[in-house]
Amino acid sequence: MAADPLKEFRTTLRDHAEPGIRTQHLRVLTPADDDEFLGVRVPVMRKLAWQHRALPLEHVDVLLHSRVHEERFAALLVLAEQVRGARGADRKALVDFYLARTDCVDNWDLVDGSAHVVLGPWLLDAPLDSLDLQDAQDVQYAQDVLDELAGSARLWDRRIAVVATLALIRAGRFEPTFRLTLQLRRDPEPLIHKALGWMLREIGRRDEQVLVGFLDRHLAELPRVTVRHATELLTPGERARFVRTRQGVTAGRGETHSH
């Protein structure tokens, strides 16, 4: 009898479950009431995803809709492997598959493990906006996709938009991240503020002058936690300048923040 690849995938995942890792995951993640955690290490899931990178999309879909957290995570990693190997219309079809199922990407680790490696490669391929491609019809622009995600009522969609720009940052394209930072600067969720700070820090890792210039221009508008994360790699004196200045702005406004 022919092997069942979906059953084999699930069995292998469970074979690598560790109670101690499950405890760690439950401590740092906020699972939904019906979520099940196995306790599988991320490197193990990455290896499993690579080994099963040819898993049919219908099986990936089943895993994405599972309430087992690691099955969703591993499915996203399989999808990332497939995106890596696809080009043109095939890559776009995989990205559309992902965007149609972002309701399954429902925790920060799932976002952070997938956005820049599933959506990110397509963002690099696609024209950013209409200025990048003149007189084109039926073209989906990268900025439109980011704007739609950033405008979503779902926290995780907004975080996907932010983290997906890591692929652009690594290619030296910083403007989409700066644009999202200003767009989402008043977002009510600390997880968005932290993601913005993370992406700004990655920009600073590549071009400190560009980051410092952005912070000098927009510091008073940014959440404090964003500034703290964004400046982690600056010199102690430079970082202290931004953090103290931002704290002074907050005190002057009489703002309070839980984060």
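Everything numeric in this text was worked out from a predicted model, so none of it was measured.
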D125: salt bridge (charged side-chain N to carboxylate O under 4.0 Å, His left out) partners, not counting sequence neighbours: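 Partners of D125 by the salt bridge (charged side-chain N to carboxylate O under 4.0 Å, His left out) criterion, ordered by chain and then number, come out as R91.
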message: Quick check on the hydrophobic clustering: are L38 and L26 connected, directly or via other members, by side-chain heavy-atom contacts under 4.5 Å?
response: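 Yes: a chain of side-chain contacts under 4.5 Å links L38 to L26.
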- prompt: If you group Ile, Leu, Val, Met, Phe, Trp and Tyr by side-chain heavy-atom gaps below 4.5 Å, do I21 and V68 land in one group?
  reply: no
message: side-chain contact (heavy atoms from CB on, under 4.5 Å), that's the test. Do L110 and L76 meet it? Break it down for me.
response: CA-CA 8 Å; L110 303 182; L76 292 167; 3.9 Å; yes
Once rounded to the nearest 0.5 Å, what's the spacing between atom [atom1] of [X] and atom [atom2] of [Y]?
X	Y	atom1	atom2	result
L99	L149	CG	CG	6.0 Å
Q247	R224	CD	CZ	6.5 Å
Q82	L57	CD	CG	5.0 Å
I192	W156	CD1	CH2	8.0 Å
E175	T181	CD	OG1	9.5 Å
R170	L168	CZ	CG	11.0 Å

Quick check: closest heavy atoms across [X] and [Y], and the distance to 0.1 Å?
X	Y	value
A167	L124	O-CD2, 3.7 Å
A74	M45	N-SD, 4.2 Å
R72	L64	CD-O, 3.1 Å
P5	L55	CB-CD1, 4.0 Å
A195	V163	CB-CG2, 4.5 Å
L180	A161	CD1-O, 3.4 Å

- prompt: For Q209, does the CD atom have more than 12 heavy-atom neighbours from other residues, nucleotides or ligands under 6.0 Å away?
  reply: no
field: Residues D109 and H25: side-chain donor-acceptor under 3.5 angstrom
entry: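 Side chains of D109 and H25: no pair found under 3.5 Å.
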With a 4.5 Å cut-off on side-chain heavy atoms, are [Y] and [X] touching?
X	Y	value
V162	V111	no
D216	R241	yes
Y98	V105	yes
I169	M199	yes
N107	F73	no
V62	R10	yes
T11	R14	no
V227	F242	yes

message: Please determine whether side-chain contact (heavy atoms from CB on, under 4.5 Å) holds for the pair K194 and W108, giving the CA-CA distance in whole Å, both sets of side-chain angles, and the decisive distance to 0.1 Å.
response: CA-CA 11 Å; K194 291 175 183 178; W108 63 261; over 6 Å; no
Please check this pair: side chain of [X] against backbone of [Y], looking for a donor-acceptor N/O pair closer than 3.5 Å.
X	Y	answer
H218	F214	no
R185	L182	yes
R87	R84	yes
R46	V42	no
R228	P223	no
R101	F97	yes
T231	L234	no
T226	H193	yes

message: Show, in sequence, the C-alpha distance, side-chain angles and deciding distance for R205 and E232, and conclude whether the salt bridge (charged side-chain N to carboxylate O under 4.0 Å, His left out) test is met.
response: CA-CA 10 Å; R205 189 190 301 275; E232 285 179 354; over 6 Å; no
message: Using the rule given for side-chain contact (heavy atoms from CB on, under 4.5 Å), can you reason through E36 versus E71, listing the C-alpha separation, both sets of side-chain angles and the distance that settles it, and then say yes or no?
response: CA-CA 10 Å; E36 177 187 349; E71 290 190 355; over 6 Å; no
message: Checking R154 now: which residues fulfil side-chain hydrogen bond (donor to acceptor under 3.5 Å, both in side chains) with it, not counting sequence neighbours?
response: D157
Charged tip of R53 within 45° of W50 ring normal and under 6.0 Å: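 Verdict for W50: a cation-pi partner in R53.
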query: Going by the angle between their ring planes, with limits at 30° and 60°, are F37 and H69 parallel, tilted or perpendicular?
result: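 Because their plane-to-plane angle is under 30°, the rings of F37 and H69 count as parallel.
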field: Worked verdict on L211 versus L233 for side-chain contact (heavy atoms from CB on, under 4.5 Å)
entry: CA-CA 11 Å; L211 172 63; L233 299 181; over 6 Å; no
